[in-house]
Amino acid sequence: MKYNFQEIEPKWQKIWEEKKAFRAVNDYTKPKYYALIEFPYPSGKGLHVGHPRPYTALDIVARKRRLEGYNVLYPMGWDAFGLPTENYAMQNHIHPEIVTAQNVAHFKKQAQSLGFSFDWDREVNTTDPAYYKWTQWIFLQLFKKGLAYKSEASVNWCTSCKVVLANEEVVNGACERCGGEVVHKVKSQWMLKITEYAQRLIDDLDKVDYIDRVKTSQKNWIGRSTGAEVKFVTTLGDELLIYTTRPDTLFGATYMVISPEHPMIAQKADQIQNIEEIRVYQEAAAKKSDFERAEIAKDKTGVCIQGIRAINPVNQKEIPIYISDYVLMSYGTGAIMAVPAHDTRDYDFAKAFDLPIVEVVAGGDIEKEAFTDCATGTMVNSGFLDGLSVEEAKAAIIQWLEENNLGYPKVNFKLRDWVFSRQRYWGEPIPIVHCEQCGFVPIPESELPLRLPEIESFEPTEDGQSPLSKLESFVNTTCPHCGGPAKRETDTMPQWAGSSWYFLRYCDPDNVSALAAKEALEYWLPVDWYNGGMEHTTLHLLYSRFWHKFLYDIGVVPCEEPYAKRTSHGMILGENGEKMSKSRGNVVNPDDIVAEYGADTMRLYEMFIGDFEKSAPWSQNSLKGCKRFLDRVWNLQDSLIDGEGYSPALEAAFHRTIKKVSEDIEHLKFNTAIAAMMSLLNEIQTQDGLTRTDYRTLLMLLNPFAPHITEELYQLNGYEGLLFEQSWPVYDADKCKEDTIEVAVQVNGKIKSKLNLPADCPKEEAVAAAKADSKVQAAIQGKQIVKEIAVPNKLVNIVVK
RNA sequence: GCGAAGGUGGCGGAAUGGCAUACGCGCUAGCUUGAGGUGCUAGUGACAGCAAUGUCGUGUGGGUUCAAGUCCCAUCCUUCGCACCA
């Protein structure tokens, strides 16, 4: 009988569904395991071959855990709000809700054809009002705690589409859709105070098991730096506060720079002699796009403020003040002291404007470049700091600043507050009304969900307002506080909102009175293993940790961190090694692979393709190799030997493979786990036959990887019950060893011979056996033995002179 | 510029400091088959050699070690992320 995956795969998918084989049960006395993959955005393009890679990986973990006796939650859902759907809806004059339903149906069918053991009874969809009711509820809690506020913020504005763009839609300074020029525009936006959690988001990384590169990039993104704020005084007698990470170099400050947006300019306009020149520069800086600023990052520009100078508090010297766009208003105080000798940007600026460069840390060559090293170097030209190291000088100057009330230590973060508004239709409405009398007022929780109203056109307005602003029946309402006339907020939430808490909803997806029942959250949380793409490390992963910490603070969730373990997969590239894309013509459709080779081959190949954490190019030939392996496993049933028990010749090999596969699955080494099973099969085929017991073990090991074929073979060969209800095989460490082991013999580190020695042969015997070998004797003849090294079960090395 | 990951056969990739190239693909030869985008067997890092065997070999240059793909120092290149964060 031939391996007919086209019949087998739908057959078992149906059985699993009917038997609710993978349902997570609410029996809170059992040991639990919560495995999570990032729920997809159901785009119109359908599933990409990249999607099944993480899904299969955690499916393997989930299936293994079930066989190990855990109550496993492995859920799936849809992150369905978002721009592509809205754009598609606009172009085709179809409601996004309908598009979403179609896409979800398509994605679900594709995912099911791959045999993932998702608990489909817990499916969630962020666009479902019963779901986004709770997204809005969380927003209201943030608002009530002062963590959501409205503020002016700079947004990307396409001058040709007249629409606000997300950062992702801006490609090289141009609109992704029309290619038009994108400029900054200041608009009033809802913001979330993620910065309030910056320190905890760094500190608590110590409490979780994330792969290092995820922790590192989160830390870099949050960008904590320690330094000091120092009070300078201007010649007008006003205080000008700066932030520096190098207070030790205060004696080397030869000028100051403030951001073009710094408020001092407007406040002191009357005293600035060249105010016109300053204003021209301000306007030019405002017009520059991010792209332009980055392009000309190296060429420093600026204008010296005439009429106001600053006094260096440490030596009372008067120094000039410049405005320059290399100082950002959004970081620190928007003003810096410039120490050209020890900062590369200040150095470039000083060279361009011919400003003095004073060395205060000896150790470099400031004729050539700024000396920025903090680890070496000694303070010079710095009064009472002279002779100290940089670190000592930092401590000494901060103490001095504090004693004289001229400054204090300060921590800053690169992380900015989260711009939470989108002027779009297809997102969660923000549940706030604006009342002339009462200001921003949250709508009562009893009115949630605030549903997205039906509208005619999804186009934003001419001036970039949300399409919802055109619907008067939605906009005009009454103030929940005073009862007077009020207007609803017409912005919607970003796509990141719904995905910041979806893993909580899986715990109790149908709850109508809370985002999830407390007992359910207490049982299932934290997520034991969360796998997702590196591209979500700094946005989604950080946002969801922030929300989770907030929910912890208000007593909604039982733990401080949502995810106990985080891993990340590499991308699957096209056969030519480039990223898969329609324009490159290298896209592989998973449906074609399932149809031609079967889901099991597809799953096996995606796990065998290479190191799970690295990107790897698709190869149709390697895929065929995986199909060949499954064919051989299938054909093996013809050579089964009657009777039970293990075949002695294969016993060690089986125990070793159980160990290897079990351990590799835990460490993301799916590729070597499969290689181990292939090796085992090769070894089996050197024997005359295989016992039924051994075949069963092989099927069990392969089951998480290739669930359909193994379930079929299990049934076909008369084993008891259904495979998914059995137990994961265990190995005996003592039985993993062979009786005799091949040991390499080296002379002076070069292989001369190989010997078969008994396992755990003592050093003396191994060396003696090596010396008795004729090839070794030839190599050491007439030479003096200096050293003898024996590594048990590995090698012997004889060092001669 | 900063940060992260990575450079190993013809290709994808293996290797707690201990036999480099496991496993798979591809290729070569033979067998099987009416046929083959089938199956099986053997071979397959480079160079020299009829052969046994020898020499070289993990981006490059040094170092530590009995022993280095692996550890240390320097350097080059590739990919990705951030981008004037004081």
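All chains are named by letter (A, B, ...) in the order of the sequence lines, taking the proteins before the strands, and each is independently numbered beginning at 1.
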Strand partner of B:C47, provided both Watson-Crick or wobble distances fall under 3.5 Å: B:G54
Shortest non-hydrogen separation from A:A393 to A:M379 and the atoms involved: CB-CG, 3.5 Å
Touch class at under 4.0 angstrom, heavy-atom based, for A:N682 against every strand present: sugar-phosphate
Sugar-phosphate, base or nothing in reach of A:R416, heavy atoms under 4.0 Å: base
Check: A:G749 main-chain N/O paired with A:N797 side-chain donor or acceptor under 3.5 Å: yes
Note: A:D760-A:K737 ion pair, threshold 4.0 Å (strictly below): yes
Whole-Å distance separating the CG atom of A:L241 from the P atom of B:A86: 16 Å
Syn or anti conformation of B:G24, syn meaning chi within 90° of 0: anti
A:N220, nearest nucleotide to its side chain (from B:G24, B:G3, B:C25): B:G3
Positions of residues 332-342 of chain A (non-hydrogen atom under 4.0 Å from RNA chain B), listed by number: A:I336
A:N621 side chain near B:G37 phosphate (N/O to OP1/OP2, under 4.0 Å): no
Value in whole Å for how far the P atom of B:G3 lies from CZ of A:R213: 18 Å
A:S324 side chain near B:C84 phosphate (N/O to OP1/OP2, under 4.0 Å): no
Rounded distance in Å - CG (A:L681) to P (B:C23): 12 Å
Selected nucleotide, minimal atom distance to A:T245 side chain, candidates B:C82, B:C25, B:A86: B:A86
Who pairs with B:G24 - Watson-Crick or G-U, where each distance is under 3.5 Å: B:C11
Counterpart residues, side chain to side chain donor-acceptor pair (under 3.5 Å), relative to A:E596 (two or more places apart): none
B:A5 pairs with, by Watson-Crick or G-U criteria that keep both distances under 3.5 Å: B:U78
Sugar-phosphate only, base, or nothing, as touched by A:E742 at under 4.0 Å among non-hydrogen atoms: base
B:U64 to B:G26 separation - P atoms, rounded to the nearest Å: 46 Å
Paired nucleotide for B:A68 [Watson-Crick or G-U wobble; both distances under 3.5 Å]: none
Nearest-nucleotide comparison on RNA chain B, the residue closer to the 5′ end among A:E596 and A:F413: A:E596
Residue pair A:F349, A:Y255: steps toward the ring pair (Phe, Tyr, Trp, His ring centres under 6.0 Å) verdict: CA-CA 10 Å; A:F349 191 87; A:Y255 64 100; 5.5 Å; yes
Nucleotide B:A4, atom C1' - distance to CD1 of A:I211 in whole Å: 11 Å
Point-to-point distance, once rounded to the nearest 0.5 Å, from CG of A:D600 to CZ of A:F5: 10.0 Å
Pairing partner of B:G61 (Watson-Crick or G-U wobble, both distances under 3.5 Å): B:C73
A:E38/A:R53 ion pair, N-O < 4.0 Å: no
With the criterion being N/O to N/O and under 3.5 Å, what pairs connect the protein with nucleotides 14-18 of chain B, and how long is each?
| unit_1 | atom_1 | unit_2 | atom_2 | d |
| --- | --- | --- | --- | --- |
| B:A14 | OP1 | A:N671 | ND2 | 3.1 |
| B:U16 | O4 | A:K794 | NZ | 3.4 |

From B:C40, B:G13, B:A86, nucleotide with atom closest to A:L328 side chain: B:A86
Sugar-phosphate only, base, or nothing, as touched by A:T537 at under 4.0 Å among non-hydrogen atoms: nothing
Position toward the 5' end of RNA chain B (nearest nucleotide), A:I741 or A:D212: A:D212
Sugar-phosphate only, base, or nothing, as touched by A:T244 at under 4.0 Å among non-hydrogen atoms: sugar-phosphate
A:T740 side chain to A:N756 side chain, donor-acceptor N/O pair below 3.5 angstrom: no
Spacing of the C1' atoms in B:G43 and B:A35 (rounded, Å): 27 Å
Nucleotide B:C84, atom P - distance to NZ of A:K300 in whole Å: 10 Å
Side chain of A:V327 (C-beta onward), nearest among B:A86, B:G37, B:G24: B:A86
Nearest-Å distance for atom pair CG/P, residues A:L636 and B:G39: 16 Å
Residues A:R656 and A:E738 bridged, charged N to O under 4.0 Å: yes
C1'-based separation of B:A68 from B:A4 [nearest Å]: 25 Å
Base partner of B:A29, which must satisfy Watson-Crick or wobble distances under 3.5 Å: B:U41
Sugar-phosphate, base or nothing in reach of A:S330, heavy atoms under 4.0 Å: nothing
Whole-Å distance separating the CD1 atom of A:I609 from the P atom of B:C11: 17 Å
Given B:G12, B:A20, B:C84, the nucleotide with the shortest approach to the side chain of A:Y326: B:C84
Inter-nucleotide C1' distance (B:G69, B:G9), Å rounded: 14 Å
Span that lies between the C1' atom of B:G54 and that of B:U33, in whole angstrom: 44 Å
Donor-acceptor side-chain pairing of A:Y281 and A:T301 below 3.5 angstrom: yes
Residues A:S225 and A:N412: side-chain donor-acceptor under 3.5 angstrom: no
Interatomic distance where NZ belongs to A:K624 and C1' belongs to B:G12 [whole Å]: 15 Å
Flag, side chain of A:T254 to backbone of A:P356, donor-acceptor distance under 3.5 Å: yes
Sugar-phosphate only, base, or nothing, as touched by A:S217 at under 4.0 Å among non-hydrogen atoms: nothing
A:T249 side chain vs A:G252 backbone, donor-acceptor pair below 3.5 Å: no
Sugar-phosphate, base or nothing in reach of A:K750, heavy atoms under 4.0 Å: sugar-phosphate
Pairwise P distance, B:U65 and B:C2 [rounded to whole Å]: 33 Å
Interatomic distance at P, B:G36 relative to B:C27, whole Å: 16 Å
Whole-Å P distance, B:G59 and B:A15: 16 Å
